[in-house]
Structure formats: C-alpha cells, structure tokens
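Since the model is a prediction, treat every value here as computed from it, not as a measurement. Each chain gets a letter, A, B and so on, in the order its sequence line appears, and its residues count up from 1.
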Amino acid sequence: MTEPLLAIENLAVHFGTGPGSVRAVDGVSLTLERGEILAVVGESGSGKSVLSRAILRLVREPPGRLVGGHIRFEGRDIAAMSPSELRALRGDQISMIFQEPMASLNPVFTIGFQISEALRTHRSLSRRAARAEAIRLLEQVGMADAALRYDAYPNQISGGMCQRAMIAQALACRPRLLIADEPTTALDVTIQAQILALLRRLRDETHMAIILVTHNLGVVAEMADRVAVMYAGRLAEVADAQTFFAGPLHPYSRGLMASVPRIGDRVATLRAIPGVIPRGGAAAAGCTFRDRCPQAMDICRQTPPEFIQGGSRVSCWLHAGSDIAAPAAEGAAP
Amino acid sequence: MLLRYAIRRLIGAIPTLLLASMLVFLISHLAPGDPASQILGSYASPAELEQAREDMGLNAPLPVQYERWLLRAATGDLGRSINWNLPVSEMIVERLPRTAGLAVLALTISILLGVPLGIIAGVRQNRLSDRLAMLVSLLGLSVPDFVVGLLLVIVFTVQLGLLPSLGYVSFSSSPYQWALHMIMPAFALGYLMTAVTARMTRASIIENLGQEFVLSARAKGLSERRVVGVHVLKAAMIPVVTVIGINLGAVFRGAVVIEAIFAIPGIGGLMMSAISARDYPVIQGCLLVSVTIYIFVNLAVDLVYAVLDPRIRYR
C-alpha cells in the first residue's frame with residue numbers, strides 16, 4: 001500500500017498555558033487517501049475547526065500552541081516546517097475555504113484580484129495570464145458571466161457566489177487537498193446543495209482530497225467517504241460512511257444521529273444530548289464523554305479508552321474486545 | 001462611475017457652501033458696533049455717518065446686503081480692509097500659500113509618522129514598541145501645540161542654534177530656506193495630528209487583523225508582509241482617511257496660534273490681527289476662504305473613500 005496523502009499522528013493543539021489551558025486538539029491521529037472525502041463531525045467546541053486550521057498551521061501562536069504530533073503531507077512533516085516552507089504549501093498544495101464566504105474575501109479588493117493573487121503567489125504568471133486563468137476558474141466553479149464578475153467586489157455578489165469565488169481561489173493552483181471548514185453553514189439550503197455538488201464534481205474531476213468540517217450529518221451523508229467524529233478535542237469514532245450510518249458505535253455518535261429530527265417522527269421535543277461539552281483539560285483522566293454518556297461505567301472515570309482497530313475505530317470502553325468487524329450487530333437504533 | 005459620484009457630491013456641496021457663507025456674513029452683521037463710526041471716528045456728524053452708511057450699502061435690508069456681498073465674493077471681491085485699506089482678496093491671496101504650505105507640510109508629517117507608527121503598534125499589539133508608540137502619541141494628545149512649538153524653539157534655536165525661530169522665506173525664492181523656517185512650525189502643528197492618526201491607524205489595523213479575510217489571505221500562502229501591507233492596510237485606511245480630513249480642519253485652527261509664535265505672515269496671523277482690530281471684511285474673507293477650503297477637502301476625502309471602499313458608491 002502506498003503512503004497516504006495526509007497522515008496526522010497524535011496531534012495536540014492547546015490554547016493558553018498552565019492549569020487553565022484548553023486542549024482544543026488532544027492527541028488526534030487520522031489518515032487521508034488521495035481523492036478521498038473525509039468528514040470531520042462534531043458540535044461547537046469539539047475542536048474540529050482548530051484541527052482543520054492546525055493542518056495548515058493557521059492557528060495563531062499565541063494564544064494557540066502546537067504541543068506535539070506530526071502532520072505528514074506526502075511524507076513531509078508540516079508540523080516541522082519553516083514559515084517559508086509553509087507559505088509555499090498553503091494555497092498551492094493545500095487550500096482552505098471557510099464558513100463565511102463574504103467575510104473571507106477582502107471587501108476592498110475585487111474577487112478577480114484575489115484569485116489572481118493566489119495564482120501569482122505560487123506561479124510566475126503575467127497579469128494578463130493570471131486574469132485569463134482566474135476567469136477560467138470562475139467558469140469552472142459555475143460563476144455566470146465570469147469575465148464580468150472578475151471585476152466585482154465581494155459586496156456586489158451573493159454569499160453563494162462569494163463561496164464559488166473562494167472555491168475558485170482555492171483551486172487556483174490545483175491543490176491535492178482542500179480543507180473546507182463548514183463551507184455551507186452560512187448559505188441557504190438550495191445554495192448549500194449547489195456548493196456541495198460543486199465540491200463533489202471538482203473532487204471527481206481533479207482527484208483532490210477534501211476534509212469537510214461540519215456539524216451537519218445530512219451534509220456528511222451526502223458527501224463523505226469516511227467520517228471522523230470529534231468530541232472535546234479527541235476522536236470518538238472513525239469509520240467509513242456506509243458503516244457509520246448503518247450503525248454508529250460510540251454513544252456520542254449515536255446521540256448525534258438521534259438528535260437529527262426526521263420527517264414523520266411525531267415527537268414534542270427534539271432529542272438532544274444532555275449536558276455540554278467539557279472545557280478542555282478538565283476531563284484529562286478517563287473518557288471525556290463520560291458525564292454525558294447514558295452507558296457510562298466505572299472504568300470510564302479512570303482510564304481514557306483506547307482505539308480498537310478493525311473496520312472502524314472507536315474510543316469507547318463498551319467496545320473493548322468486541323467484534324468491530326460486524327458493527328451492525330450493535331444495533332442501529334440507540 | 002466615480003466621476004458621476006464626484007459630480008453628485010460637488011452639487012451636494014453647494015447648499016453647504018451657501019449656508020456657511022450666510023453664517024460668515026451674519027457673524028459680522030450681528031456683532032455690535034457700527035462700521036461707519038468705526039471708519040469715520042467718533043467726531044463725525046450724523047449726516048456724514050448717514051452718507052457713509054449709504055455709500056457702503058448698509059441701509060439696505062439684510063437679505064439684499066447678503067446677496068450683494070455674495071455676488072461680489074463669487075467674483076473674488078471680498079471688500080476692503082478697514083484697518084489696512086487694502087482689498088481683502090489681495091491680502092488673502094498673498095498669505096494663503098504660506099498657510100497652505102505650512103498645513104500641507106504638517107499634514108504630510110502627520111501621515112508619514114502617524115501611519116507607520118500606528119501600523120507597527122497595531123501589528124505588535126501590547127509589546128514594547130506598541131507601548132512606546134502609544135506613549136509618544138499620548139504626549140501628542142495632551143501637550144498643546146504652542147507648548148511643543150516653544151519647546152522646539154528652546155532646543156533647536158536657543159540651545160543648538162540649528163534652526164531659525166522666526167520669519168518666513170518663500171518657497172520660490174529658496175526652497176531650502178523655506179524648509180528651514182517651516183520645519184519647526186509644521187512639526188509643532190503636525191504633532192497632535194500625528195498622535196491622532198497613529199491611534200486611529202493602530203485601532204483600525206487591530207480590528208482588521210481579526211477579520212476572517214486575514215485568515216484566508218494567510219491560507220493562500222501570502223507572506224505576512226503582504227497580508228498586513230496590502231490586505232489589512234487598504235481595509236484599515238478607510239477610517240484613517242476620515243481622521244486625516246478632520247485633521248486638515250484642525251490645521252487651520254492651529255495655524256492661528258502657530259503662525260503667531262513663529263511670525264509667519266499667513267492667514268492665521270492675519271485673522272488674529274483682524275480680530276483684534278475688529279476688521280470685519282478681513283475676518284469675513286478669511287473665514288469664507290477657510291470654510292470653502294474645508295468643505296472641498298472633505299469632499300476630496302469622500303472621493304478617496306469611494307476609491308478605497310467599493311461599498312460606498314452604491315449607497
């Protein structure tokens with residue numbers, strides 16, 4: 001087997017120092033193959049955004065701090081890169097798009113300028129060649145009147161169009177990995193579907209891998225090849241999408257699934273997971289989910305669960321020694 | 001697009017100018033005292049006074065007087081000085097370049113010092129260089145300009161003997177001598193503005209550094225120099241331009257005192273003498289010219305705005 005495109009090993013990112021520090025990402029290991037779409041799922045504060053930013057070393061230091069671990073991208077460790085190596089990587093081999101497309105584009109420059117800038121930063125292109133390529137990119141992401149939109153300012157186009165422009169900018173240098181941090185959260189539903197379809201089409205055309213950070217399980221079901229569930233800075237479960245939706249193993253994943261309202265369910269209140277996510281660091285001993293877990297045992301308070309290898313990985317004592325290869329036997333409904 | 005906006009704003013400035021001229025006109029006419037008796041002295045006969053009033057058009061109703069004054073002012077005739085018996089417009093034309101030179105120099109100093117100081121302080125927030133820059137600007141805000149002027153004279157003229165403390169040499173006769181005479185007054189005048197500009201720049205840089213587009217600019221692989229120097233700076237300059245426009249108004253106010261200290265025969269000095277002599281035509285003329293300049297400077301600021309911020313033209 002060839003080496004994966006991206007291999008994150010035991011990554012830890014903390015905010016602040018001393019006893020009050022927050023372990024936003026606390027020993028995460030993940031791999032990503034070429035052309036794969038991996039969804040990172042979790043509620044607010046689970047550390048999924050910090051993880052996605054840490055891959056490109058975009059977490060500001062201070063207050064953030066990369067405490068340990070490796071981020072191997074095609075064999076090179078991003079965690080050990082110099083600032084100039086990082087700049088050469090960002091926007092060229094790995095690109096990123098964000099939650100608020102309108103705010104992610106600079107309001108005082110045209111979208112064409114911003115796309116050309118990405119091209120001219122990494123490729124020695126003339127102004128004219130960069131313009132032509134930027135217009136081609138805008139067409140590729142489905143922007144109507146691309147040549148006209150080149151000179152538009154972000155405030156002159158809609159949020160969905162802004163996200164298309166952001167994607168065009170991210171694609172400019174044909175990256176092998178696109179990190180999308182909640183790319184559709186700020187958009188309305190019809191636009192969401194369009195943007196997701198666009199991302200999937202681009203993956204099929206260019207064979208780039210995508211890390212899709214989201215809290216929306218509907219988006220995950222539609223897009224992901226594989227799912228990683230994050231909770232309080234740690235991975236609760238990693239499984240391929242089909243297996244995951246057939247029957248999530250971790251009680252937290254089940255809770256997430258159960259809290260998605262379904263048409264036809266006649267319930268008076270939405271099912272939510274009781275309690276709130278702990279502030280990082282507080283639950284260092286034992287399982288971070290134990291206080292909210294309906295199936296917590298004594299051992300959950302003492303020792304953090306280990307990943308159990310198999311078709312899926314789950315960090316939960318319930319599955320210690322069980323047959324992970326047949327997760328359907330666990331029962332789909334919580 | 002920009003041209004149409006400029007024309008629209010220019011037309012919009014006309015009512016402002018009219019209102020300002022009305023106020024300038026009324027100031028002298030509501031002030032106590034009779035110009036006729038001031039010119040002829042207290043021994044003039046009532047008939048002579050009446051004749052003088054008639055000659056000066058002071059017996060006409062106020063709106064008629066305003067109309068006449070405005071039409072004359074529009075053609076460049078601002079009347080005659082009572083004190084110096086010279087055409088006011090000539091006096092102003094002679095002095096305006098001196099004040100304008102001082103103002104432009106002071107403003108240039110404030111931009112060249114204030115903007116970089118603010119950028120450094122904003123980027124290095126709460127570190128030593130930020131604290132130092134903010135201390136310097138706090139001094140600028142709290143020490144009045146005439147004190148700065150006097151301190152400069154004590155150091156550079158009295159102690160070091162490097163710079164002349166008084167007088168004026170025109171730029172056309174000797175640019176070097178002009179600069180030598182202007183540098184201290186311009187610095188005294190520009191110091192406060194430097195402080196204001198630096199503080200506004202710092203605040204605006206810090207605010208924009210926290211914006212999402214900074215993160216996405218970094219994610220694009222741009223150098224930190226380009227992120228701050230291009231992306232943050234252009235967005236951050238919008239409020240700074242406003243402050244610079246307001247500063248230009250403050251220059252005219254400050255020039256009154258600074259020109260008196262450094263004996264520069266400019267508009268400020270003229271206004272000061274005219275006020276002590278109750279020379280209303282001169283006061284009126286000076287005010288009208290300063291107000292007009294101020295209105296046009298603000299118009300220019302708004303146009304710079306439209307260039308910097310694409311969101312404005314569509315309002």
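Put simply, the side chain of B:Arg218 does not reach to within 4.5 Å of the side chain of A:Arg87, judged on heavy atoms. Using a 4.5 Å heavy-atom cutoff, the side chains of A:Arg90 and B:Lys220 are not in contact. Taking 4.5 Å as the limit, some side-chain heavy atom of A:Phe98 sits within range of a side-chain heavy atom of B:Ser216. Annotation: side chain of B:Ile238 is in contact with side chain of A:Val108 (closest heavy-atom distance under 4.5 Å).
Chain B forms more heavy-atom pairs under 4.5 Å with one residue of A:Ala103, A:Ser95, A:Ala88, A:Pro83 than with any other, namely A:Ala103. Ranked by non-hydrogen atom pairs under 4.5 Å with chain B, the options A:Thr110, A:Leu56, A:Leu58 are led by A:Leu58. Put simply, of A:Met102, A:Arg53, A:Gln99, the one with the most heavy-atom pairs under 4.5 Å next to chain B is A:Arg53.
Evaluated for a side chain to side chain donor-acceptor pair (under 3.5 Å) with A:Asn106, the options B:Lys234, B:His231, B:Gln211 yield exactly one hit, B:His231.
With rounding to the nearest 0.5 angstrom, the CG atom of A:Asp181 is 8.5 Å from the CG atom of B:Leu215.
Only the backbone of A:Leu105 comes within less than 4.5 Å of a heavy atom in chain B; its side chain stays farther off. Both the backbone and the side chain of A:Gln114 come within less than 4.5 Å of a heavy atom of chain B. Of the atoms belonging to A:Met166, it is side-chain heavy atoms, and not backbone ones, that fall under 4.5 Å from chain B. Heavy atoms closer than 4.5 Å to chain A are found nowhere in B:Val214, neither backbone nor side chain. Proximity to chain B is absent for every atom of A:Arg57, based on heavy atoms less than 4.5 angstrom apart.
Counting all heavy atoms, side chain and backbone alike, A:Thr121 lies closest to B:Gly221 at CG2-O, 3.6 Å.
Classification of A:Glu117 and B:Arg226 as a salt-bridged pair holds, one side-chain N sitting under 4.0 Å from a carboxylate O.
When the shell of 6.0 Å around CZ of A:Arg136 is examined, it contains more than 12 heavy atoms from other residues, nucleotides or ligands.
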